[in-house]
A.B. asks: 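One structure, pasted below without further comment.
The figures here come from the full heavy-atom set of this structure, side chains too, leaving out hydrogens, waters and symmetry mates.
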Amino acid sequence: MTSGVGLLSMPYALAEGGWLSLALLAAVAATCWYTGLLLGRCMAADQAIRTYPDIGERAFGRRGRLVVSAFMYAELYLVAIGFLILDGDNLDKLFPGASVRLGPASLAGKQLFVVLVALMVAPTTWLRSLGVLAYVSAAGVFASVAIVLSVLWAAAVDGVGFSGRGNTTPLRLTGLPTALGLYTFCYCTHAVFPTLYTSMKQKSQFPKMLAICFVLCTLNYGSMAVLGYLMYGDGVQSQVTLNLPAARLSSKIAIYTTVVMPFSKYALVVTPIAVAIEERFRGVVGEGAAASVAVRTLLVLSTVVVAIALPFFGYLMALVGSLLSVCACMLLPCLCYVRIFGATSLTASETASIIGILMLGLLVAITGTYSSLVQIIHELQLGV
């Protein structure tokens with residue numbers, strides 16, 4: 001779901017954390033793979049479990065469902081905002097100086113493109129069936145590979161080279177919280193694991209399927225991190241596509257591929273939130289197509305407002321990773337697993353693994369959330 005968005009921020013994460021932080025990328029991947037296995041075991045324990053919130057309810061009752069749902073929907077909401085910021089930044093690079101005046105009001109640059117992208121994706125959120133978009137979104141894996149190859153072509157053939165100047169410090173403690181937040185954000189897909197598990201005919205293959213996916217994704221992330229950092233060093237931006245020379249064909253392929261991906265994914269992340277709102281406030285908003293369109297349009301409008309007010313892609317995605325993804329991908333799976341199976345039934349290796357994951361998750365959540373909020377507040381103060 002977030003592969004394209006997270007991929008672009010990998011060189012920036014490496015610049016923030018230093019070369020040794022790549023070991024932490026592997027550690028985060030292994031941790032999220034293991035917690036994915038824990039969710040699979042929770043699913044196997046009760047055939048009635050179909051979704052991630054179901055696991056929360058099975059473990060902690062109604063409150064567990066609400067907590068899991070809150071983190072899941074908040075994560076999806078901020079990812080949708082990230083899509084708008086992503087497209088706004090990259091379209092502004094392709095078409096610098098663009099502006100539109102409507103009477104006394106005017107829109108220019110990134111804000112203009114955020115609004116235009118929102119206008120284009122809004123109708124896709126009105127669809128009741130997202131089957132077509134799901135197939136298009138599945139092509140995101142190939143799009144991610146295409147972006148990496150385009151960036152490599154820009155470096156090796158189009159003259160960018162690998163002469164980026166970076167700090168020689170192998171591990172940068174000050175930037176580590178941001179790096180860990182971005183690394184964790186790349187693996188915030190646990191909400192879809194129960195759906196994948198229930199759709200598999202051979203559920204015994206779930207661990208193998210997860211392992212293959214995580215290995216391939218981590219190789220892709222690591223390749224982009226090293227490639228982008230070697231090209232631009234500490235000057236790499238929060239999206240490596242913003243560093244590419246816009247006139248080159250390889251750069252255009254990378255940027256256009258980046259721009260297109262959110263068009264298929266935006267509706268997929270917003271629709272679950274809209275459905276939850278419609279079901280929760282059915283008595284207030286009513287039923288029917290008109291009420292559904294109104295709810296979804298207002299939801300899109302709210303993401304536009306936040307995207308314009310907080311256009312800090314790197315810091316916002318680091319906040320999502322540190323606060324929401326850590327909870328959804330590390331802490332909650334462990335807590336639910338222990339609650340469902342009981343602490344006394346765990347093996348020594350399971351106990352050690354879960355304790356280690358909880359400690360890592362809490363460390364990332366506290367330091368990463370604080371660091372991201374401080375940086376966002378600092379950027380807001382600079383803009384005043």
A.B. asks: For the atom pair OG (S9) and CG (L316), what is the distance rounded to the nearest 0.5 Å?
C.D. replies: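 Result: 11.5 Å between the selected atoms.
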A.B. asks: Does Y187 have its ring centroid less than 6.0 Å away from the ring centroid of F214?
C.D. replies: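 Between Y187 and F214, the centre distance is under 6.0 Å.
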A.B. asks: Whether the side chain of N243 engages the backbone of G235 through a donor-acceptor N/O pair (distance < 3.5 Å, no angle test) should be reported.
C.D. replies: yes
A.B. asks: Distance-only, no hydrogens or angles: does the S302 side chain make a donor-acceptor pair with backbone N or O of L299 under 3.5 Å?
C.D. replies: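 Here the side-chain-to-backbone pair exists.
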A.B. asks: Provide the closest heavy-atom pair for V295 versus A274 in the form atom of the first, atom of the second, distance.
C.D. replies: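 Looking at all heavy atoms of both residues, the shortest contact is CG1-O, 4.3 Å.
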A.B. asks: State plainly whether one hydrophobic cluster holds both V157 and L227, where clusters connect Ile, Leu, Val, Met, Phe, Trp and Tyr through side-chain heavy atoms under 4.5 angstrom apart.
C.D. replies: no
A.B. asks: Any non-hydrogen side-chain atom of L39 less than 4.5 Å from a side-chain atom of Y337?
C.D. replies: no
A.B. asks: Using modelled atom types and a 3.5 Å cut-off, is there a donor and acceptor pairing between side-chain atoms of T35 and backbone atoms of C329?
C.D. replies: yes
A.B. asks: So, do E350 and R41 sit near enough that their side-chain heavy atoms are less than 4.5 Å apart?
C.D. replies: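 Touching, per the 4.5 Å side-chain cut-off.
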A.B. asks: Scan residues 63-72 for pairs that pass salt bridge (Lys or Arg N to Asp or Glu O under 4.0 Å), counting only residues two or more places apart or in two chains.
C.D. replies: D54-R65, E57-R65
A.B. asks: Given side chains that start at C-beta, do those of I49 and P194 come closer than 4.5 Å, heavy atoms only?
C.D. replies: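 With C-beta onward as the side chain, the pair stays apart.
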A.B. asks: Heavy-atom count around K110 NZ within 6.0 Å, excluding the residue itself: above 12?
C.D. replies: no
A.B. asks: Does the plane of the ring in F83 sit parallel, tilted or perpendicular to the ring in Y266? Use 30° and 60° as the thresholds.
C.D. replies: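 Ring orientation of F83 relative to Y266: tilted.
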A.B. asks: For Y370, I'd like to know if atom OH has over 12 heavy atoms of other residues, nucleotides or ligands within 6.0 Å.
C.D. replies: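 No.
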A.B. asks: Please tell me whether L242 and L230 are part of a single hydrophobic cluster in this structure, the criterion being side-chain heavy atoms less than 4.5 Å apart.
C.D. replies: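 No, L242 does not connect to L230 through the hydrophobic network.
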A.B. asks: Any chain of hydrophobic side-chain contacts (each under 4.5 Å) joining V306 to I273?
C.D. replies: yes
A.B. asks: Looking only at heavy atoms, what is the nearest atom pair of R339 and A59, with distance?
C.D. replies: CG-O, 2.8 Å
A.B. asks: If you compare all heavy atoms of A254 against all heavy atoms of T258, which two are closest, and at what distance to 0.1 Å?
C.D. replies: O-OG1, 2.7 Å
A.B. asks: Search all heavy atoms of M231 against all heavy atoms of L244 and return the closest pair with its distance.
C.D. replies: CE-CD2, 4.1 Å
A.B. asks: So R296 and E278, do their side chains get closer than 4.5 Å, heavy atoms only?
C.D. replies: yes
A.B. asks: Under 3.5 Å, is there a donor on one side chain and an acceptor on the other for S144 and N220?
C.D. replies: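 No donor-acceptor contact under 3.5 Å links the two side chains.
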A.B. asks: Is it true that a side-chain atom of S371 and a backbone atom of G368 form a donor plus acceptor pair closer than 3.5 Å?
C.D. replies: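 No.
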A.B. asks: At their closest point, which heavy atom of C32 faces which heavy atom of M330, and how far apart are they?
C.D. replies: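 Nearest pair, atom of C32 first, then M330: SG-CE, 4.4 Å.
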A.B. asks: Between L119 and I85, is there shared hydrophobic-cluster membership here, with clusters defined by ILVMFWY side-chain heavy atoms closer than 4.5 Å?
C.D. replies: yes
A.B. asks: Is it the case that the ring center of Y52 lies less than 6.0 angstrom away from the ring center of F71?
C.D. replies: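 F71 vs Y52: aromatic centres not under 6.0 Å.
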A.B. asks: Taking T297 for the side chain and A294 for the main chain, is one N or O donor matched with an acceptor at less than 3.5 Å?
C.D. replies: no
A.B. asks: Are L20 and L173 joined in one hydrophobic group, where the rule is that I, L, V, M, F, W and Y side chains link up if heavy atoms are under 4.5 Å apart?
C.D. replies: yes
A.B. asks: Is it true that the side chains of N90 and T241 contain a donor and an acceptor less than 3.5 Å apart?
C.D. replies: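 On atom types as modelled, these side chains qualify, holding a pair under 3.5 Å.
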A.B. asks: Is any side-chain heavy atom of L14 closer than 4.5 Å to a side-chain heavy atom of Y183?
C.D. replies: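 With C-beta onward as the side chain, the pair touches.
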A.B. asks: Verify the neighbour count for atom CE of M200: are there more than 12 heavy atoms of other residues, nucleotides or ligands below 6.0 Å?
C.D. replies: yes
A.B. asks: Taking the side chain from T184 and the backbone from G321, do they hold a donor-acceptor pair closer than 3.5 Å?
C.D. replies: no
A.B. asks: Considering non-hydrogen atoms only, spot the tightest contact between V160 and S163 and give its length.
C.D. replies: O-OG, 4.4 Å
A.B. asks: Please examine the side chains of W19 and Y229, heavy atoms only from C-beta on, and report whether any two atoms are closer than 4.5 Å.
C.D. replies: yes
A.B. asks: Is there a side-chain contact between W126 and S292, using heavy atoms and a 4.5 Å cut-off?
C.D. replies: no
A.B. asks: What I'd like to find out is whether the side chain of Q239 reaches to under 4.5 Å of the side chain of D89, using heavy atoms alone.
C.D. replies: yes
